[in-house]
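Data first, discussion second: the structure below is written as structure tokens.
Numbered from 1 within each chain, the chains take letters A, B, ... in sequence-line order.
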There are 2 protein chains.
Amino acid sequence: MARTASLSGFPEWLPQERLVELHVLDTLRRTFELHGFASIETRAVETVGQLLRKGEIDKEVYGLSRLADEDDSASRADANSLALHFDLTVPFARYVVENAGHLAFPFRRYQIQKVWRGERPQEGRAREFTQADIDVVGDGELPFRYDVELALVIAEALSALPIPEFRLRVNNRKLAEGFYRGIGLTDTAGVLRSIDKLEKVGPSRVAELLQEELGATPEQAKAALELASIRTEDTSFVARVRALGVQDELLEEGLGELEQVIAAASAAAPGKVVADLSIARGLDYYTGTVYETVLVGHEQLGSICSGGRYDALATKGSRKFPGVGLSIGVTRLVSRILSQELATASRSVPTAVLVTLTDDDSWTAAQGVAAQLRSRGIPVEVAAKAEKFGKQIKYADRRGIPFVWFTHADGRHEVKDIRSGEQVEADPASWTPPAADVTPQIIAAQQA
Amino acid sequence: MARTASLSGFPEWLPQERLVELHVLDTLRRTFELHGFASIETRAVETVGQLLRKGEIDKEVYGLSRLADEDDSASRADANSLALHFDLTVPFARYVVENAGHLAFPFRRYQIQKVWRGERPQEGRAREFTQADIDVVGDGELPFRYDVELALVIAEALSALPIPEFRLRVNNRKLAEGFYRGIGLTDTAGVLRSIDKLEKVGPSRVAELLQEELGATPEQAKAALELASIRTEDTSFVARVRALGVQDELLEEGLGELEQVIAAASAAAPGKVVADLSIARGLDYYTGTVYETVLVGHEQLGSICSGGRYDALATKGSRKFPGVGLSIGVTRLVSRILSQELATASRSVPTAVLVTLTDDDSWTAAQGVAAQLRSRGIPVEVAAKAEKFGKQIKYADRRGIPFVWFTHADGRHEVKDIRSGEQVEADPASWTPPAADVTPQIIAAQQA
């Protein structure tokens, strides 16, 4: 896997690598559908006005213009001009508003698509990448229980992938905001921005930032850092927060919500979903639960799945659509699986059997044999030329096809496993390869 | 289906419509894989230089530029600047050249992706649409037999879709070019361009064009039109061409090739693959077989699947990669299926069963029931709130979920089919809905 993308930031996979990606996508789709999420896709483009609604992201956006359009440089600044979407949340919010009359709420959807960001490419950060999102969105209100459910669905989906152990870290904005308010820090966004730098710059630097930039006292900075240091696999975080002695109504609400998530998740997926009170998701406008996920041993890769609760994912006049959702970084995961060979495909072609030709006139009969095998779900190719059998076998070998089929002049059929060399009589109406050979299998490496 | 796209030329589907599209995509994927085609995807962007290599298409291309990039209008004219791909053939050719050392030839791939063209939107012509391509590409040479095979694969793939009868019309450039040369018309491209207008302007206008623009004699124009009028479901076109009395070596080669395709196809898929000597595919640079497909009764929709043989799909120095392939216009097909209700989904959600709550504490137990059902492939949702049963049933009904599940205080389970009202005792470890209710089914309308 020493290949590099021919265009930096735009990865492309070889067929054998693509099979690993397809396996990841199929597994996610299956899990999401089993949990009642419906598939949608949105167009790749939005108006610039729609994309910039939440501000602060214009640097990353690819604008579109027709090459033949002379009078174009002017229109690019226009809010009605087009640009590629940079996530699936903004397009989904628009879709919900536009189609509200046709959707049954709470609306559960999954959406697996490419997104584009004009960022400087680096490990784990591409310019074109695939995201897999699930969201539940309500009309007017959305029970908190969905925040719990989504953590369980994502834990189940990630557990089914050929990836190392993960930790889905959960926090709650109300908890954090209530706590900061309780200790007298009212610039919640400012505090969250500083706390967000914890992993990068360390606690003493964050304490300085809180004092320098937000005018916090040393005691306030210390309390904020104590809160952020709390990580538990069960609901014991509640007692540890209470032990810090801060009183606030919003804090209590947030504690109660996070307790529900962790209680249910620690029962269903012990150790996989943890309370982590340092999670801030600084730049995102969540209003309650926030999620972030790391691969154990691959923390420097960054979060592979993030999300949270919005009070209003979208609004239509006075009508509010609250939502909760998570987004899996599929390309980031697949890149890591491939570069570290965490999983590989058993072969690069779908084909299980090559039907050989005895002579050029046998092609039509060979197609008949192939059709019989395919009717039982076995992928089959027919040789294009009646070369010597040795050459036809070599062709199969070179393409990684495990079986070759021979039809003899007397009407007998034989099939040869070219790995073992074993050759047996076979009936095209009933022969089937071993289950593991029918389609390419994805084989996960043994975890250390 | 009275909705219109909120952005002209960029269609988006409702969840129930998306199920029809997914069915089409899954069916194509399955057919392609059964025939040994491997999946690949290429990036959405190419350099402008790459896209314009074959000329004549710059009008339709969407260029990309980072919104934050001030010095951009200059770079857009640059061959190294980026643009969205407008088909999957140009990117595939680049992919083959870049990865030739990692691919086993003949390389068989399918590729299902969105493409973009900045054309004026109209029925059957969108600005963003999905194509499903299959190609076989050789290293140096590619046996003609693949031209035959691809017609059979496509006929099988289209036959599996919920669409009206189709005709895959096949012609051969060598046949046409040889014939024109044989009657003294040497500007093959010019003649093909005129012949391409047959359906639009009719034969007498085409005869005029041939004479006015290409200097053909009335006899030459008549002969060219006679050739173009030949359409047969079997190989009888050979005799009809010969009866026109034109002698040419290339014509003979083309006749022989087309005869092979039609002979094999009329045996495997009678009536679906026809010889049509009017097919020109004017703007594409094919060198032998050309394909085009219409839906019977929907001819004005245009071709829903086209392609052909290239002597050199790609080149790398003196190394040539000949190819043959076809591209299905998935969005064009799906738009037509939806607008004419040729097929519909049996429900809009994947969910087969809603597990109700007796009280709020029963949520975890309900998740347990749901997990048992899901382990047998049944899509399940759990109610978020312990509302009155009537309300929970109404929720299922509104979302189109056919079954609701009740767990009673004494541990008994019951499941109700809310369509029939029938309610029976059920065991979460073994109960399964009727096969037609497990996942949404795509139901094809009766063809008139």
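- Contacts of A:Glu33 with chain B are made by both backbone and side-chain atoms, with heavy-atom separations under 4.5 Å.
- Residue contact with chain B, scored on non-hydrogen atoms closer than 4.5 Å, is absent for A:Phe129.
- For chain B, the nearby part of A:Ala264 is the side chain; its heavy atoms alone come within less than 4.5 Å.
- Annotation: side chain of B:Phe107 is not in contact with side chain of A:Val349 (no heavy-atom distance under 4.5 Å).
- A 4.5 Å side-chain heavy-atom check between A:Asp360 and B:Arg145 finds at least one atom pair inside the cut-off.
- Of the two parts of A:Thr364, neither the backbone nor the side chain holds a non-hydrogen atom closer than 4.5 Å to a non-hydrogen atom of chain B.
- Interface remark: B:Thr439 contributes no atoms to any contact with chain A (heavy atom separation under 4.5 Å).
- Contact count against chain B (heavy-atom pairs under 4.5 Å) is highest for A:Val45 among A:Val45, A:Thr31, A:Leu19.
- Taking B:Arg127, B:Arg29, B:Lys114, B:Gln367 one by one and counting their heavy-atom pairs under 4.5 Å with chain A, the maximum is reached by B:Arg29.
- Using a 4.5 Å heavy-atom threshold, the side chains of B:Arg43 and A:Leu7 count as touching.
- Residues B:Arg109 and A:Arg18 form no side-chain contact, since every pair of their non-hydrogen atoms from C-beta on lies 4.5 Å or further apart.
- For the options B:Thr351, B:Thr47, B:Val382, B:Leu142, heavy-atom pairs under 4.5 Å to chain A are most numerous at B:Thr351.
- Contacts of B:Gln113 with chain A are made by side-chain atoms alone, with heavy-atom separations under 4.5 Å and no backbone atom involved.
- Of the two parts of B:Leu84, only the side chain, counted from C-beta on, holds a non-hydrogen atom closer than 4.5 Å to a non-hydrogen atom of chain A.
- Contact check for B:Trp363 versus A:Val148: side-chain heavy atoms found under the 4.5 Å cut-off.
- Contact count versus chain A (heavy atoms, under 4.5 Å) is highest, among B:Ala371, B:Gly36, B:Ala104, for B:Gly36.
- Listed options B:Arg399, B:Arg398, B:His35 were ranked by heavy-atom pairs under 4.5 angstrom with chain A; first place goes to B:His35.
- Proximity to chain B is limited to the side chain of A:Leu152, based on heavy atoms less than 4.5 angstrom apart.
- Highest contact tally toward chain A, considering only B:Phe32, B:Tyr395, B:Phe144, is held by B:Tyr395 [criterion: heavy-atom pairs under 4.5 Å].
- Inter-residue side-chain proximity for A:Leu64 and B:Trp116 is flagged as unmet; no heavy-atom pair is nearer than 4.5 Å.
- Looking at A:Pro440, there are no atoms closer than 4.5 Å to chain B (heavy atoms on both sides), in backbone or side chain.
- Interface residue B:Pro143: only side-chain heavy atoms are found under 4.5 Å from chain A.
- For the pair A:Glu17 and B:His102, the minimum side-chain heavy-atom distance is 4.5 Å or more.
- Per-residue heavy-atom pair counts under 4.5 Å with chain A were compared for B:Glu21, B:Glu46, B:Glu156, B:Glu98, and the maximum is reached by B:Glu98.
- Contact annotation for A:Leu82: only side-chain heavy atoms (C-beta onward) come within less than 4.5 Å of a heavy atom of chain B.
- There is no contact between A:Ala370 and chain B, counting heavy-atom distances below 4.5 Å.
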